Amino acid sequence: MDSMAVLVLWAAFSCFLAVANGLQTAGLSKNGSIPSSMAARTKQPYRTAYHFQPPKNWMNGPVYYKGVYHLFYQYNPYAAIWGNMTWGHAISYDLVNWVHLEYALNPTEPYDLGGCYSGSITILPDGKPVILYTGADTQNFQSQNLAFPKDPSDPLLREWVKSPSNPVIPANDGDIDPANFRDPTTAWQGPDGLWRVLIGGKIDGRGLAFLYQSNDLITWTRNEKPLHSSAKTGMWECPDFYPVKISGKNGVENYVETKYSTFVLKASFVDHDHYILGHYKAKTNEFDIETEDFMEGNTDWRYDYGAKFYASKTFFDGGKRRRILWAWVPESDTRADDIKKGWSGLQSIPRALWLSTRGKQLVQWPIREIESLRKEKVEIKGTELNSGSLIEVRGITAAQADVEVSFELPSLDEAELMEPTWVDPQLLCSQKNAKVKGAAGPFGLLVLASKNFTEQTAIFFRIFKNHDGHVVLMCSDLSRSSLRKEVDKTSFGAFVDIDPPQEKISLRTLIDHSVIESFGGEGKACITSRVYPVLAVGKEAKLYAFNNGNLSIKISKLNAWSMKEASIVPLTKRRKPPA
Ligand SMILES: *[C@@H]1O[C@H](CO)[C@@H](O)[C@H](O)[C@H]1NC(C)=O
Ligand SMILES: *[C@@H]1O[C@H](CO)[C@@H](O)[C@H](O)[C@H]1NC(C)=O
Ligand SMILES: *[C@@H]1O[C@H](CO)[C@@H](O)[C@H](O)[C@H]1NC(C)=O
Ligand SMILES: *[C@@H]1O[C@H](CO)[C@@H](O)[C@H](O)[C@H]1NC(C)=O
């Protein structure tokens with residue numbers, strides 16, 4: 001339940017001027033209370049500088065757009081722990097700098113007094129947005145509800161009105177478990193004109209996406225069959241369903257059915273966001289999977305293989321013709337420390353997402369706008385990294401940085417043989433951590449490292465031989481990330497679909513004090529981690545490239561930048577939510 005995302009998209013391209021005025025009124029020119037300077041961060045070493053966060057307390061879940069991007073997120077106005085779920089609301093021109101607005105939805109009605117959980121925004125044919133969200137009553141019975149903007153001409157969409165017809169899909173619908181029935185997707189209209197929406201749930205131990213249809217968004221009928229279900233997953237939260245193009249990086253609208261697109265079904269379960277690809281026919285509501293099913297076989301496709309990337313949603317950015325994914329990144333610190341530092345959770349850097357050229361999986365890359373925060377740059381080119389060596393990347397703020405590196409490999413004849421039992425990349429990464437010498441690798445980056453390496457987080461690769469080529473393993477080794485015993489230091493790993501030595505091994509890593517987002521193989525495998533160093537903070541943090549394998553490798557190119565802070569401005573005169 002601590003995991004519902006709100007995410008949405010709305011395209012319309014007017015109102016930049018009106019919005020600029022709105023930004024002024026919303027407080028862009030006023031001083032913020034977020035600990036923002038390096039000085040403030042000495043008291044708050046884990047506070048991020050360029051990831052989206054509310055000034056304080058608990059947040060999770062994401063969004064959307066209208067000449068402005070709107071982010072709606074799950075927020076607890078009262079504490080840094082989960083509870084009293086409210087819809088926070090922030091707006092941006094560029095998905096990097098944000099202004100917080102008034103809460104969009106507060107728990108006020110019998111059907112949502114227990115919380116306004118996640119949902120989505122749908123843009124109606126007349127261009128007006130509507131929110132579909134889950135309300136939980138005081139018994140935690142979950143129903144689906146509608147809300148409309150009070151003034152649709154307000155580009156900031158500050159005020160929302162709940163529909164008198166709520167709940168439009170009640171908690172007690174036949175055999176549905178009312179405590180496991182939440183997170184409606186954006187609705188889409190099929191060729192028959194009926195709206196369709198998916199809702200996450202669980203029946204008889206099967207996780208599933210219920211499919212509902214309606215001609216007016218008020219009266220909904222459950223489709224006999226769910227869109228898809230699985231006995232291996234447990235409850236599905238935050239389902240997401242959208243088309244991607246078969247070739248190219250452009251995104252497509254929320255619902256387009258052509259032979260040039262394939263559909264992605266994502267579900268959040270067991271701490272991760274998993275997806276499958278397939279063909280969808282709205283006429284019959286059939287979804288034929290083309291990949292291995294959730295948790296079947298050896299391929300478990302995840303957006304991100306770290307622990308901390310959950311309840312994500314995508315939206316189609318009509319202005320830039322791209323599909324954007326982002327997710328809630330929770331803490332790995334203790335609950336007591338979350339309360340002590342006064343906040344918990346943040347939003348990942350938004351990522352553009354498309355289908356890989358091999359057509360088997362999704363590829364993700366941080367949105368270009370984030371590069372506007374880059375300042376001092378250091379470059380390393382054509383440098384040999386011999387076995388057991390490392391080089392420091394100096395001259396940038398290593399705790400607040402963006403790093404891109406690509407490695408060139410020699411012949412891999414001496415690479416170790418991949419054992420057939422090595423099917424779990426995470427397990428392999430924890431057995432063969434950054435200190436375990438191999439033939440080809442470990443090599444990669446050491447980030448948030450302290451002066452004498454007592455603290456260090458390694459993001460690295462290893463290459464193995466198998467019967468038909470090579471296997472590339474990417475790891476995020478947190479075992480030495482913090483001297484603190486009580487924080488979660490589980491390591492994570494993924495196999496990356498690249499073919500060395502013909503293809504270079506590349507890594508992009510965004511470092512922001514307590515969060516590290518890494519993109520291997522140009523975005524084919526992503527690993528997000530939360531780390532809580534005590535020595536490697538602020539100016540004490542260091543950055544290295546290393547090679548701890550037998551084979552010497554070459555850094556073809558390494559570019560690293562200090563990152564500026566994003567401007568995330570609180571609303572100075574936020575209306576008090578009802579007590
Ligand atoms: C508020 O911001 C302005 C301009 O950025 C600055 O000159 C001023 O000192 C700030 N005031 C406070 C109280 O921080
Ligand atoms: C927040 O939620 C808790 C537990 O549901 C409830 O006891 C409390 O009254 C709520 N706080 C406010 C200010 O609504
Ligand atoms: C690394 O090289 C040493 C010395 O040549 C050799 O003994 C060892 O087996 C090699 N390790 C691997 C994993 O290939
Ligand atoms: C590393 O530095 C820390 C802090 O200065 C110190 O406590 C620790 O003993 C040092 N470790 C080693 C191995 O030198």
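The first residue of the sequence shown is numbered 1, and numbering continues consecutively from there. Since this is a predicted model, take the numbers as computed values, not measurements. In each ligand, atom 1 is the first atom listed, and ligand 1 is the first ligand listed.
Between Glu414 and ligand 3, no N or O atom pair is found at a separation short of 3.5 Å.
Ring geometry for His228 against Trp236 counts as tilted: the plane angle lies between 30° and 60°, on a 0 to 90° scale.
Within the 4.0 angstrom cut-off, atom 5 (O) of ligand 3 has no protein heavy-atom neighbours. Within 4.0 Å of atom 1 (C) of ligand 3, at least one protein heavy atom is present. Proximity of atom 9 (O) of ligand 3 to the protein is not indicated, since no non-hydrogen protein atom lies closer than 4.0 angstrom.
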With ring pair (Phe, Tyr, Trp, His ring centres under 6.0 Å) as the criterion, how do Phe294 and Tyr275 come out once you've worked through the C-alpha distance, each side chain's angles and the decisive distance to 0.1 Å? CA-CA 7 Å; Phe294 290 123; Tyr275 68 87; 8.7 Å; no
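Using a 4.0 Å cut-off between charged side-chain N and carboxylate O, Asp337 and Arg335 make no salt bridge.
Interface of Gly438 with ligand 3, defined as ligand atoms under 4.0 Å from a residue heavy atom, comprises 13 (C). Of all atoms in ligand 3, numbered sequentially from 1 with element shown, those under 4.0 Å from a heavy atom of Asn550 are 1 (C), 2 (O), 3 (C), 8 (C), 10 (C), 11 (N), 12 (C), 14 (O).
Cation-pi geometry between Arg322 and Trp354 is not met at under 6.0 angstrom from the ring centre and within 45 degrees of the axis.
Counting heavy atoms of neighbouring residues, nucleotides and ligands inside a 6.0 Å radius, atom CD of Glu392 exceeds 12 of them.
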